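Below is one structure, written out as structure tokens; comments come after it.
Treat the numbers as computed from the prediction; the structure is a model and nothing was measured. Hydrogens, waters and symmetry mates play no part in the numbers below; they use all other heavy atoms, side chains included.
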Number of protein chains: 2
Amino acid sequence: MVLPESTVKLGTSKSCIRELAAYGAVRKAEIGAENVFDFSLGNPSIPAPDCVNETIAELLKGDSVELHGYTSAAGNDSLRKAIADDLNARFGTHMEAGLIFVTVGCAGALAISFKATLLPGDEVVALAPFFPEYKVYVENAGGTLVTVQPREGDFQLNLEGLEAAVTERTKAVIINSPNNPSGVILSAESLTELAQVLHTAEAKYGHEIFLICDEPYRELAYDGQEVPCVFHFYENTILCYSFSKSMSLPGERIGYIAVNDRMPERSLVFTSIQGAARSLGYVNAPSLMQRVIEKCLGATSDVSKYKENRDLLVDGLRAMGYQCVKPDGAFYLFVKSPIPDANVFSEHAKKYELLLVPSDDFGCPGYVRIAYCVSRDMIERAMPHFKQLAIEYGLTK
Amino acid sequence: MVLPESTVKLGTSKSCIRELAAYGAVRKAEIGAENVFDFSLGNPSIPAPDCVNETIAELLKGDSVELHGYTSAAGNDSLRKAIADDLNARFGTHMEAGLIFVTVGCAGALAISFKATLLPGDEVVALAPFFPEYKVYVENAGGTLVTVQPREGDFQLNLEGLEAAVTERTKAVIINSPNNPSGVILSAESLTELAQVLHTAEAKYGHEIFLICDEPYRELAYDGQEVPCVFHFYENTILCYSFSKSMSLPGERIGYIAVNDRMPERSLVFTSIQGAARSLGYVNAPSLMQRVIEKCLGATSDVSKYKENRDLLVDGLRAMGYQCVKPDGAFYLFVKSPIPDANVFSEHAKKYELLLVPSDDFGCPGYVRIAYCVSRDMIERAMPHFKQLAIEYGLTK
């Protein structure tokens with residue numbers, strides 16, 4: 001049977017994250033869930049803010065036909081306006097409802113954004129480490145992903161690496177801040193340098209280069225850290241957002257695309273986004289959730305728990321000799337593997353029932369990702385196991 | 001700015017249905033909603049069955065993290081099993097959970113199915129009249145849509161037309177029964193003939209040809225009419241279903257793909273479906289709605305109202321001299337335009353505030369589609385306007 005090679009391959013190869021999670025499920029069944037330290041998945045462990053379920057209960061009293069009916073393809077106008085107003089109030093932008101396209105989660109937003117902008121042969125530069133599915137969405141749109149390694153030490157922009165990667169074929173750069181898997185927030189300095197490189201390249205090659213920003217972790221920033229608003233740094237910016245992490249609604253698939261109000265051809269780009277969504281089979285984002293988000297905009301889950309987890313892990317692991325950058329946001333810790341091959345290290349950590357995702361698929365080998373959107377209790381119980389692992393690798397005594 | 005031609009074009013050209021609906025919205029604001037007879041949209045007018053909102057209210061009492069969390073990409077196993085069991089109980093199939101992929105609506109199911117099966121250059125044969133977005137999804141997967149006109153008079157299979165359209169390049173045939181826009185249910189005889197043509201072509205050309213069945217209207221069949229289960233007629237069948245119409249949940253985007261348990265390479269095809277869903281940016285179908293469907297499976301909205309509407313329209317319009325096939329299912333009436341160009345007729349009907357969708361985009365020119373998922377009251381008030389239109393075209397006195 002002749003089927004497309006790409007989809008068969010994608011359907012066969014699980015991501016290493018999902019594979020480790022599947023191993024975890026089996027292991028938990030074998031030895032008890034309390035004995036497995038599963039740091040594999042970025043599935044929020046904190047409930048949605050109360051207003052979510054309260055709003056759902058309230059909406060059920062209204063007209064069922066309207067509540068569950070089609071919305072326009074870009075989303076309800078009132079929601080789109082609320083999102084634009086929210087961005088304006090928080091970031092001093094001049095967004096309008098017409099620049100907001102409500103999506104089926106951030107994955108939908110990203111797949112649509114690449115489909116709307118890429119022509120076959122176009123290249124997309126991704127700043128590593130990055131979410132592995134970028135490659136899938138870029139290739140679906142006929143493009144190729146090119147990787148730039150982060151700056152040694154702090155995981156900020158590697159300026160020389162970026163300059164070398166941006167060529168005549170570059171149509172877009174994708175960034176993710178706060179970052180999965182490093183937790184690093186790209187600084188204003190990094191964004192300024194990034195914009196300079198792109199402005200120079202646009203002038204040199206005579207075509208636009210889009211900056212696509214994947215920001216599902218925008219509201220997960222700790223210690224008063226600000227996530228700079230990318231719209232102010234670069235005109236041709238497309239923002240992809242999701243309520244999955246900030247409101248703990250990952251299964252409900254609700255997010256949006258926002259096209260920078262300062263993008264010269266924003267209207268044409270928005271048109272292409274509408275067409276791309278249609279071609280990928282998206283009719284509208286889930287209607288009940290659209291109404292929930294409209295009412296709850298601005299609310300977030302109690303993310304202070306994630307900060308506590310971060311501190312516990314960073315302090316604890318560093319004391320054991322592990323190396324990591326302290327994450328400013330998101331809920332991931334990126335720990336340097338004590339040996340060059342992080343796959344071997346991850347495999348070995350299973351001996352201590354520690355499930356740590358090796359970083360190769362994030363485009364940045366030699367690390368493991370620890371998702372700390374878990375219970376504090378599990379982290380505390382995991383610590384002696386991390387210690388034994390550290391001893392085995394000679395990191396501590 | 002260089003953007004993909006296809007997505008810009010798709011984003012610019014509204015479907016004729018959406019265009020007419022937009023005109024209707026403006027017109028209602030001008031002269032009052034009660035004075036516009038809007039038959040443009042297939043948006044259910046009957047509420048969801050009570051169990052939907054009851055189940056949502058019940059689910060809100062449970063664990064929020066689990067309720068709104070990620071599910072596996074193919075959907076919750078318990079829902080997949082429930083769907084397989086439901087199909088088995090009703091149609092005598094031998095489906096298993098592993099052959100069910102829960103989707104973001106039927107549009108998602110169709111886009112995924114084409115992406116999972118088509119290679120560039122492949123052709124898909126569509127039996128006209130058909131839902132215009134088929135062309136969009138087929139072209140997104142690199143294929144080309146080829147159209148077969150229906151049999152004159154009863155809109156059943158045009159055997160000669162199909163035989164001429166199926167060639168070495170044919171990778172799939174897409175059917176939709178009960179049909180949008182004709183309301184016709186493909187008979188067991190038509191399906192038998194169709195299967196024969198495809199079996200012959202598979203043997204002749206030495207490769208599989210998929211039958212993709214778009215069945216969102218399966219539960220909307222009147223007068224005790226049965227919708228034959230296509231799995232029994234043809235092995236290489238992929239079924240695309242949605243709860244949009246049967247449960248009046250079009251905005252919630254929940255449906256499924258079912259791969260025939262008798263398909264020899266069902267496992268490989270399912271793998272490709274999983275990969276295709278990933279590449280189009282689908283992570284999982286909305287999680288709350290997955291749980292709702294699992295509890296409510298088998299419930300339907302009170303579709304008897306649609307039957308009343310159908311009878312009112314068919315009897316009324318025929319008495320005025322209009323020609324139409326009496327629909328056995330769905331909620332559309334396909335009326336022959338009294339002049340060859342249905343666009344001109346549709347435009348002219350606006351004079352009487354009647355919004356009727358011209359059929360060109362359905363691949364079957366010369367008709368208008370009347371969506372009768374509206375209030376009975378509106379149909380009754382529209383009748384004198386249909387009469388005047390009929391008089392103007394000399395159909396009646």
Side-chain donor/acceptor of A/Ser272 to backbone N/O of A/Ala116, under 3.5 Å: yes

Test item: side-chain donor near acceptor, B/Ser78 and B/Glu294, under 3.5 Å: yes

Does A/Thr103 use its side chain to pair, donor to acceptor, with the backbone of A/Gly105 at less than 3.5 Å? yes

Can you find a side-chain donor-acceptor pair between A/Ser40 and A/Asp38 that sits under 3.5 Å? yes

For the interface with chain B, which of A/Glu133, A/Gln274, A/Lys171 has the highest count of heavy-atom pairs at distances below 4.5 Å? A/Glu133

Relative to chain B, which segment of A/Tyr282 carries a heavy atom at a distance below 4.5 Å: side chain, backbone, both, or neither? both

Honestly, the part of A/Ile46 sitting under 4.5 Å from a heavy atom of chain B is backbone

Please state whether the side chain, the backbone, both or neither of B/Ala285 comes within less than 4.5 Å of a heavy atom of chain A. backbone

Can B/Ser287 and B/Thr71 be counted as having a side-chain donor-acceptor contact under 3.5 angstrom? no

Please look at B/Arg278 and chain A and tell me whether the side chain, the backbone, both or neither of the residue comes under 4.5 angstrom of a heavy atom of that chain. both

What part of B/Ala111 lies closer than 4.5 angstrom to a heavy atom of chain A: side chain, backbone, both or neither? side chain

A/Leu110 versus chain B, heavy atoms under 4.5 Å apart: side chain, backbone, both or neither? neither

